[in-house]
Every structure is written in C-alpha cells, then in structure tokens.
2 protein chains.
Amino acid sequence: MSALEDFTGTKTFSGLLGYHLRRASVLVMADLTQALEPLGLKPAEASALFVIAAAGGITQAEIGRILGIQRANMAPLMANLIKRGLVARQAMDGRSQALRLTRAGAAMHRHAMEATQAHEQRLFGHLSQPDRARMIAQLQRLWQSGED
Amino acid sequence: MSALEDFTGTKTFSGLLGYHLRRASVLVMADLTQALEPLGLKPAEASALFVIAAAGGITQAEIGRILGIQRANMAPLMANLIKRGLVARQAMDGRSQALRLTRAGAAMHRHAMEATQAHEQRLFGHLSQPDRARMIAQLQRLWQSGED
DNA sequence: TATTGTTATACTCTATAACTATA
DNA sequence: TATAGTTATAGAGTATAACAATA
C-alpha cells in the first residue's frame with residue numbers, strides 16, 4: 001500500500017461521502033466525455049438529445065430546467081445541434097419553439113445511447129443490479145431534494 | 001408529479017447511474033461551498049487542511065497527488081493558506097518543504113471539519129449507516145480504479 | 001407581468017507549458 | 001534525469017444581467 005492510498009484510506013476522508021461522490025463524478029464525467037468524443041458530442045449535448053428523443057416537441061427552456069442548465073447556456077448549445085442538422089425547430093407560438101430530432105439526430109441519439117450504455121457497463125458493470133438500482137434511487141432522491 | 005419530474009423519472013435517465021452521480025455531486029459541492037463560506041474556505045482549501053492535519057510534514061506536491069490537484073494549481077492555493085497564517089513551511093531539502101498547521105490553522109481545521117460533518121449529516125443523515133458505508137466503499141473503489 | 005430566446009460577459013476550475021533550482 | 005515549486009496562460013463550464021419579442 002502506497003503512502004497515497006494510505007492517506008485516502010484513513011479516517012480523514014474515508015468517512016466523507018461527499019468527497020467520494022465528487023471524485024467518482026469527476027472520473028465518470030471524464031470517461032463519458034471520451035466515450036462521446038468520437039461522435040463529436042459533449043455530455044451536455046448528448047443529454048439534450050436524450051431529452052428530445054424522450055419528449056419530442058419540448059422547448060429548450062424546458063430542457064434546461066430538466067437538466068439544470070441555464071437558459072442562457074442552452075442557446076449556443078442548441079444552436080450548435082441545429083447547425084449540425086441533428087435537431088429541427090418548429091414554431092409553437094411567437095416565442096416558443098418545439099424541438100424534434102431530425103433523421104440524422106435520431107441516428108446520433110442511438111449511437112450516443114449505445115456509447116453511454118457501454119460506458120456505464122464499463123464503469124459500473126462490477127456492481128450487482130440491486131446495488132446499482134439502490135444507488136441510483138438514493139442519489140436521485142438526494143439531488144432532487146434540491147430542486148424547487 | 002410535474003412534467004419535469006416525469007421526464008427525469010422515465011427510462012431516459014433513470015437507468016444512468018453516472019447522470020445521478022453527477023447531479024448529486026453538483027448539489028453536494030454547492031452545499032459544502034456554502035457551509036465553508038463563513039470560514040473563508042473553499043472546498044479544495046479545506047481538503048488541503050484535512051490532509052495536512054492527518055499527515056503533518058507532507059509536501060504540497062504530495063497533497064496534490066492525493067487530492068487530484070495539479071502541482072501548478074497547488075501553488076497559489078497553498079500560498080494563500082500560508083499568507084493567511086494557517087499553514088507554515090519548513091525546508092526539508094533544497095526543493096521540498098514540509099507543511100504543518102499553525103495554531104490558527106489547527107483551529108480552522110477543527111471548524112472546517114465540524115462544518116463538513118454538519119453538512120454531511122444534513123445531506124446524508126437520512127441514509128442508514130450501512131447504506132452510507134456501502135456507498136462510500138463502492139464510490140471509493142470506483143474512483144480509485146482510475147488512479148495510477 | 002412573466003416567459004422565450006438571445007447576446008455579452010465575468011468568474012471559477014482545471015490543464016498545459018515552461019522555467020529554476022535541486023536531488 | 002526526475003522532482004518541487006512557481007508563473008503564465010488557455011480552455012471549459014457555469015452564472016448574471018440585460019434586451020427584444022411575445023404571452
């Protein structure tokens with residue numbers, strides 16, 4: 001056991017769930033970023049595609065609320081997806097625009113979902129299905145408790 | 001159930017552990033940042049104090065390796081803690097310097113640990129002790145698998 | 001009055017490169 | 001050659017403020 005493992009294994013951090021949550025999240029995001037890079041997608045862009053695929057006709061402001069992304073930051077993100085022909089707009093009323101996947105966007109969505117599932121399997125595959133489900137439920141309750 | 005909860009509750013994201021890990025981590029870091037703000041500490045600074053308290057005489061490069069912080073980013077962080085009189089340096093050899101908490105630093109460390117424990121209790125107190133221990137063990141194995 | 005979409009901008013965090021002094 | 005500490009800097013992600021158009 002190296003000196004580094006020794007320290008991180010002491011009571012200094014071993015009792016702090018938030019610390020391990022953060023370190024794990026950093027690792028997972030880095031791996032997901034790599035997994036999506038061949039598709040030319042960033043995690044936030046892939047997430048937006050996932051939401052549109054599940055809820056065609058949704059507005060970008062609503063996607064932002066679901067994903068925790070500011071309206072101001074959704075604008076360039078969505079402009080990029082539209083410019084690349086993955087998402088199409090359709091006027092609902094004078095200020096809202098319904099978003100749908102194009103054919104290319106639907107294909108990209110499938111590839112992104114496959115890459116994401118493979119990534120999840122790679123990182124979390126060693127966990128049993130009940131362990132995974134329990135952790136998801138606990139984490140979801142946690143972050144949704146901060147949603148108002 | 002609102003439209004937002006409905007979407008985040010669908011199979012789109014509910015099966016993705018990485019997504020919930022990320023959302024939870026963001027919430028936890030925001031809460032910890034607030035909890036430490038009255039002390040004038042940022043999470044990274046508090047973590048450095050924790051490491052020094054547990055391992056007096058350690059160098060800042062080693063702290064960086066433990067916490068996953070680049071050497072280049074440790075320099076201004078540690079300079080700030082020293083300028084505030086929380087940490088003192090002591091030459092080991094011509095290039096390495098042993099770090100120790102000053103009296104003020106030890107007091108700050110206690111306050112930071114108390115604030116952190118209260119924060120953890122506030123966010124994770126609803127989890128049973130076995131649940132908490134299991135989650136910590138699983139997350140730790142996960143992020144440490146990416147350490148080389 | 002509130003909301004959508006947008007632009008501009010600032011701030012924080014993190015990563016890279018380069019340098020010196022020393023081992 | 002490798003490491004400690006430092007500086008400068010660039011990039012990404014996120015936050016705030018303001019605006020026009022519309023509900």
Side-chain angles (χ1 to χ4, degrees), chain A residues 2-4 22-23 25-34 36-37 40-48 52 57-83 87-99 143 146, chain B residues 2-4 19 22-23 25-34 36-37 40-48 51-52 57-83 87-99 143 146:
Chain A
S2 76
L4 277 70
R22 156 91 164 144
R23 294 297 300 262
S25 174
V26 168
L27 174 77
V28 169
M29 287 302 292
D31 189 89
L32 180 61
T33 299
Q34 276 199 320
L36 293 173
E37 192 179 311
L41 286 181
K42 285 178 277 192
E45 295 169 334
S47 300
I52 297 173
I58 196 171
T59 66
Q60 76 184 50
E62 203 166 352
I63 296 174
R65 281 190 291 272
I66 291 171
L67 296 178
I69 301 176
Q70 302 289 323
R71 224 166 58 252
N73 297 325
M74 282 300 301
L77 188 158
M78 201 53 63
N80 182 32
L81 294 180
I82 290 168
K83 187 187 64 184
V87 173
R89 283 184 153 142
Q90 176 184 1
M92 296 181 69
D93 58 37
R95 65 182 178 190
S96 299
Q97 313 201 267
L99 300 172
W143 73 257
Chain B
S2 75
L4 277 69
Y19 178 75
R22 154 93 164 145
R23 294 299 299 262
S25 174
V26 168
L27 175 77
V28 169
M29 287 302 293
D31 189 90
L32 179 62
T33 299
Q34 276 199 318
L36 294 173
E37 192 178 310
L41 286 181
K42 284 178 277 192
E45 295 170 334
S47 301
V51 174
I52 297 172
I58 196 171
T59 66
Q60 75 185 48
E62 204 166 355
I63 296 174
R65 281 190 291 271
I66 291 171
L67 296 177
I69 301 175
Q70 302 288 324
R71 224 167 59 252
N73 297 325
M74 282 301 299
L77 187 158
M78 201 53 63
N80 181 32
L81 294 180
I82 290 168
K83 186 187 65 186
V87 173
R89 283 184 155 142
Q90 177 186 0
M92 296 180 71
D93 57 39
R95 65 183 178 190
S96 298
Q97 312 200 267
L99 300 173
W143 73 258

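In what follows, chains are A, B, ... by sequence order, proteins preceding strands, each numbered from 1. Reckoned from all heavy atoms, side chains included, excluding hydrogens, waters and symmetry mates.
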Take atom [atom1] of [X] and atom [atom2] of [N], then tell me their distance rounded to the nearest Å.
| X | N | atom1 | atom2 | value |
| --- | --- | --- | --- | --- |
| R71(A) | dA20(D) | CZ | P | 15 Å |
| E62(A) | dA23(D) | CD | P | 17 Å |
| K42(B) | dT14(C) | NZ | C1' | 13 Å |
| Q60(B) | dT7(D) | CD | P | 10 Å |
| N80(B) | dT12(C) | CG | C1' | 14 Å |
| L41(A) | dG13(D) | CG | C1' | 17 Å |
| M74(A) | dG13(D) | CE | P | 14 Å |
| I69(A) | dA12(D) | CD1 | P | 16 Å |

Short side-chain to backbone donor-acceptor contact, E45(B) and K42(B), under 3.5 Å | yes
Which pair of heavy atoms, one from L77(B) and one from A44(B), lies closest together, and at what distance?
-> CD1-CB, 3.8 Å
Nearest atoms (heavy-atom pairs only) where Y19(B) meets L67(A) = OH-CD2, 3.7 Å
For [X], answer base if it contacts any base atom (sugar-phosphate contacts may also be present), sugar-phosphate if it contacts only those atoms, and nothing otherwise; contact means non-hydrogen atoms under 4.0 Å.
| X | value |
| --- | --- |
| A72(A) | base |
| D93(B) | sugar-phosphate |
| A61(A) | sugar-phosphate |

Give a yes/no on whether any side-chain N or O of Q70(A) is located under 4.0 angstrom from OP1 or OP2 of dA15(D).
-> yes
Please determine if a side-chain N or O atom of R65(B) lies less than 4.0 Å away from the OP1 or OP2 oxygen of dA4(D).
->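 Yes, such a contact exists.
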Any chance you could lay out the side-chain hydrogen bond (donor to acceptor under 3.5 Å, both in side chains) test for Q60(A) and R89(A), step after step, and finish with the verdict?
-> CA-CA 10 Å; Q60(A) 76 184 50; R89(A) 283 184 153 142; 2.7 Å; yes
Has the side chain of R95(A) got a donor or acceptor that lies under 3.5 Å from a partner of the other kind on the base of dT4(C)?
-> no
Side chain of R22(B) - closest among dT6(D), dT6(C), dT14(D) = dT14(D)
Between N73(A) and G68(B), which is nearer to the 5' end of DNA chain C once each is assigned its nearest nucleotide?
->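 Nearest nucleotide further toward 5': that of N73(A).
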Would you say M92(B) and T59(B) make side-chain contact, with heavy atoms under 4.5 Å?
-> yes
